[in-house]
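Notes to accompany the following structure.
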Amino acid sequence: MKSLVIAEKPSVGRDIAKVLGCSGKGEGFLFNDNYIVSWAFGHLVELYDPEDYDEDLKRWKRETLPIIPEEIKLKASKDGKKQLNLLKKLMNDKEVDRLICATDAGREGELIFRYIYVFLKCKKPFSRLWISSMTDKAIKDGFDSLKDGSEYDRLYASAKCRSEADWLVGINATRAFTLKYNVLLSIGRVQTPTLAIICERQKEINAFVPDDYFEVTADFGEYKGLWTDLKENSSKIKTEEDAAKIIAETKGKEGAVKSIKKEEKRQAPPLLYDLTELQRDANSKFGFSAQKTLSIAQELYEKRKMITYPRTDSRYLSDDMIPKIHAVLKLLSFTEAYGEWAERVVNLPKLPLSKRIIDNSKITDHHAIIPTDGRLRPETLSEDEFKVFDLIARRFMAVFYPYYVYDTTTIITEVNSHSFVTKGTTVRDPGWTALNIAGKKEKKEELLPNVTEGQPQTAKKVTKKKKQTKPPSPYTEASLLSAMENAGRFVEDEALKEQLKENGLGTPATRAGIIERLIAVKYIVRKGKSLVPTEKGMKLVEVCPKELKSPETTGRWEKGLRSISKGTMETEKFMGSIKRYVNFLAANPFNTNTGVVFAPEPSKAAKKAGLKTFGVCPFCGGPVLENTKAFYCGGWKNGCKFTVWKDELKGYGGEVNGELIKKLLSEGRVKEVSLTLPQTGEKCTADIIINKNIKGLLELKNLKRI
């Protein structure tokens with residue numbers, strides 16, 4: 001009898017087959033006497049579309065909302081049918097007596113396998129392969145310790161609820177808000193609150209009014225000091241007059257060193273990488289998008305086999321990995337790039353293992369990202385692959401290095417009752433900063449002269465500098481990833497704050513995709529390193545109810561999903577709350593009058609035909625398009641009758657063209673258009689407006705004979 005192993009993708013399947021010794025080749029699978037190894041291509045099975053339940057649901061209509069099927073059904077994905085048929089044939093093979101789920105060890109990987117298993121109505125028992133590295137040894141060890149598939153039933157239940165809930169919210173909210181505002185508005189459980197965070201920052205930037213302030217610096221010869229209000233701990237001076245007064249009272253005057261304060265500071269090495277932290281550093285240091293970093297990390301994991309599973313939210317290792325730590329350090333010591341740095345740790349009498357590195361309680365599905373104990377060949381990597389691997393390797397070594405130790409010295413010099421503060425830094429031990437790793441917060445060394453308390457000092461030069469307060473910075477991918485990870489700070493409810501500490505908005509594996517999705521639907525754009533909301537994105541957040549754009553909602557969802565995976569909540573209770581929420585979302589836009597009008601977008605047919613838009617229909621907000629005889633509303637299918645005929649001004653010797661329509665729609669009136677009176681032939685001018693009672697009839701106002 002044989003075991004059928006199902007991997008998530010062909011490359012992983014081939015790696016597993018090699019370890020299992022499957023040298024036989026079939027079309028879409030590999031085999032030997034004990035195993036058949038095949039694979040999916042990501043999601044081979046997906047949820048029904050609305051029209052799969054009822055053809056009438058293909059048309060988006062308000063009266064069909066909310067769409068809540070009694071049972072959410074599965075279907076083969078468009079590109080997955082051939083491979084599904086193969087898997088079905090292999091599952092039904094009489095020689096196959098059990099299955100082994102070898103998809104990615106996480107919530108989404110579990111869902112990929114289970115949907116295939118359920119859709120193909122397989123009843124054979126299955127085991128679960130759960131590994132964090134794609135090295136041959138890790139795969140072999142994983143097969144030596146397979147677990148019964150039922151141990152992951154709760155994880156599957158959580159994944160299934162997440163999938164179905166996202167479908168229900170996405171389908172219903174997208175249709176409801178699109179129908180209300182006559183423009184396609186894609187809405188999602190995580191993408192919409194993420195967009196709201198970006199838009200809120202943009203509102204702060206738009207509303208920001210800079211304030212002028214001044215700083216005054218005194219030059220004492222050997223060092224300089226910045227005027228500071230010690231009570232307020234502020235160096236900002238509100239007016240130029242106040243700055244000038246300080247200069248007048250101190251310039252050329254003798255003072256003295258009032259105090260010298262020295263402090264030793266110790267800075268621990270940063271924690272190991274999880275995916276979000278890796279994406280942040282790659283964005284800050286190299287300008288890589290979150291998606292690019294994820295793709296490179298996945299290559300380093302699957303194909304290069306040089307790092308452990310990257311889609312992790314943990315920054316710690318488990319105690320059973322201690323022997324592996326020694327092995328990885330030894331391997332790094334043999335490389336040209338890291339030999340010198342790794343040897344320092346390898347040669348220590350004892351590894352400095354602390355709770356900052358080893359902590360079983362802070363590991364969920366996977367541990368932190370580290371190099372593997374397989375063959376490490378950094379010299380074979382592409383330039384971008386090396387950059388990401390280099391971050392991971394240096395961070396891994398750095399956690400075993402000593403603290404960064406430095407002294408800070410603060411000198412306060414007083415002149416005529418005015419205090420001037422001078423700060424300096426002296427490095428005592430570079431510690432982990434010697435590795436020059438990303439994300440380090442090393443202080444720039446600034447040496448100060450050797451002065452004593454009470455020593456006289458003269459303010460030889462005293463100068464002022466005008467400055468301005470700065471607006472908040474727009475989000476970069478690095479800072480947005482931080483905001484998504486720490487979404488609890490946008491929430492008032494303390495319990496949810498804690499929940500969002502654990503989960504945040506999205507997961508490490510999905511955050512990059514959410515950012516790319518917001519760009520794809522034109523809610524945000526990249527401007528250099530910044531992510532800036534578009535007008536459409538800003539308007540969507542304006543019309544969405546608080547429940548849809550607040551991280552609080554996602555916090556409640558994640559709390560529920562985590563409870564399901566722990567077995568402390570029933571799926572029926574969770575899905576019941578989702579259905580009540582969907583009922584609310586389907587009705588909300590129609591019960592709310594926001595007064596917001598979205599810029600029109602041409603229909604698919606219009607885009608295909610190359611039709612351009614001329615503005616927003618003044619009656620329904622749809623796009624105004626052009627045909628050979630008229631300018632008309634693209635929302636005519638929904639009953640809008642707005643039409644301006646091109647020959648409407650023919651009797652007055654005028655022309656209805658695109659420029660006229662654009663101006664009419666944007667400004668409401670076109671002033672002093674040159675015309676001819678049809679009865680007398682006299683030249684005249686008139687203002688043109690659109691009649692509000694007759695959809696499309698133009699009216700002449702303020703007619704003046706010339």
Side-chain angles (χ1 to χ4, degrees), residues 6 8 40-89 91-92 103 107-123 156-180 183-192 510 513 517 520-521 548 557 561 571-572 574-587 589-590 603-605 607-608 637-638:
I6 300 178
E8 191 160 318
F41 297 98
H43 282 280
L44 295 181
V45 176
E46 59 191 29
L47 302 182
Y48 261 30
D49 289 316
E51 56 267 31
D52 295 324
Y53 295 99
D54 183 346
E55 186 64 29
D56 191 45
L57 293 176
K58 196 164 190 174
R59 284 195 67 190
W60 293 23
K61 295 183 289 187
R62 179 182 174 182
E63 53 268 27
T64 60
L65 297 177
I67 300 168
I68 305 178
E70 282 186 31
E71 177 196 354
I72 295 182
K73 297 180 181 180
L74 300 172
K75 66 176 182 177
S77 66
K78 191 176 179 183
D79 301 323
K81 290 177 181 176
K82 183 180 177 183
Q83 191 66 11
L84 266 178
N85 288 333
L86 170 66
L87 290 175
K88 184 176 183 178
K89 183 180 175 184
M91 283 180 183
N92 292 331
T103 49
R107 188 166 73 180
E108 207 58 26
E110 191 68 23
L111 191 68
I112 287 170
F113 172 79
R114 295 291 189 117
Y115 271 176
I116 293 168
Y117 186 82
V118 171
F119 181 72
L120 296 179
K121 298 178 180 170
C122 185
K123 301 294 182 188
Y156 165 54
S158 170
K160 184 171 182 281
C161 283
R162 195 279 310 154
S163 172
E164 293 181 357
D166 276 348
W167 186 92
L168 287 167
V169 170
I171 290 290
N172 285 285
T174 296
R175 288 192 177 206
F177 282 84
T178 296
L179 288 167
K180 165 73 175 182
V183 63
L184 182 61
L185 295 174
S186 170
I187 288 170
R189 169 179 70 98
V190 179
Q191 76 176 43
T192 304
T510 60
R517 173 70 180 160
V521 295
L548 195 51
W557 278 39
L561 291 169
T571 57
E572 292 78 13
F574 178 81
M575 292 308 296
S577 69
I578 294 298
K579 287 170 184 175
R580 289 191 293 275
Y581 180 54
V582 165
N583 273 291
F584 161 74
L585 289 180
F590 304 109
S603 64
K604 286 182 182 177
K607 283 179 183 175
K608 198 172 181 181
K637 286 184 179 178
N638 297 319

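In this text, all values refer to a predicted model and were calculated from it rather than measured experimentally. Numbering of residues begins at 1 and proceeds along the displayed sequence.
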What are the two closest non-hydrogen atoms of [X] and [Y], and how far apart are they?
| X | Y | value |
| --- | --- | --- |
| Pro50 | Leu57 | O-CD1, 3.4 Å |
| Ala40 | Ile116 | CB-CD1, 3.9 Å |
| Ala165 | Met575 | N-CE, 4.2 Å |
| Tyr117 | Lys123 | OH-C, 3.5 Å |
| Ile171 | Ile67 | CG2-CD1, 4.1 Å |

Side-chain contact test, heavy atoms from C-beta onward, threshold under 4.5 Å: evaluate it for [X] versus [Y] and give yes or no.
| X | Y | result |
| --- | --- | --- |
| Glu108 | Thr103 | no |
| Leu111 | Arg162 | yes |
| Lys160 | Arg114 | no |
| Leu585 | Asn172 | no |
| Pro69 | Trp167 | yes |
| Leu74 | Leu47 | yes |
| Phe177 | Ile187 | yes |
| Tyr115 | Ser163 | yes |

Please assess Lys180 against Arg62 for the test side-chain contact (heavy atoms from CB on, under 4.5 Å), listing each intermediate value before the final yes or no.
CA-CA 9 Å; Lys180 165 73 175 182; Arg62 179 182 174 182; over 6 Å; no

Show your working on side-chain contact (heavy atoms from CB on, under 4.5 Å) between Tyr581 and Trp557 and close with a plain yes or no.
CA-CA 11 Å; Tyr581 180 54; Trp557 278 39; 4.1 Å; yes

Does the distance from a Lys or Arg side-chain N to an Asp or Glu carboxylate O, for Asp52 and Lys73, drop under 4.0 Å?
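Between Lys73 and Asp52 there is no salt bridge, as every charged N stays at least 4.0 Å from the carboxylate O atoms.
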
Taking atom NZ as the centre, does Lys75 end up with more than 12 heavy-atom neighbours from other residues, nucleotides or ligands that are less than 6.0 angstrom away?
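Counting neighbours around NZ of Lys75, more than 12 heavy atoms of other residues, nucleotides or ligands fall under 6.0 Å, so yes.
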
Is a donor from one side chain sitting under 3.5 angstrom from an acceptor on the other, for Arg517 and Ser186?
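Arg517 vs Ser186: donor-acceptor pair found between side chains.
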
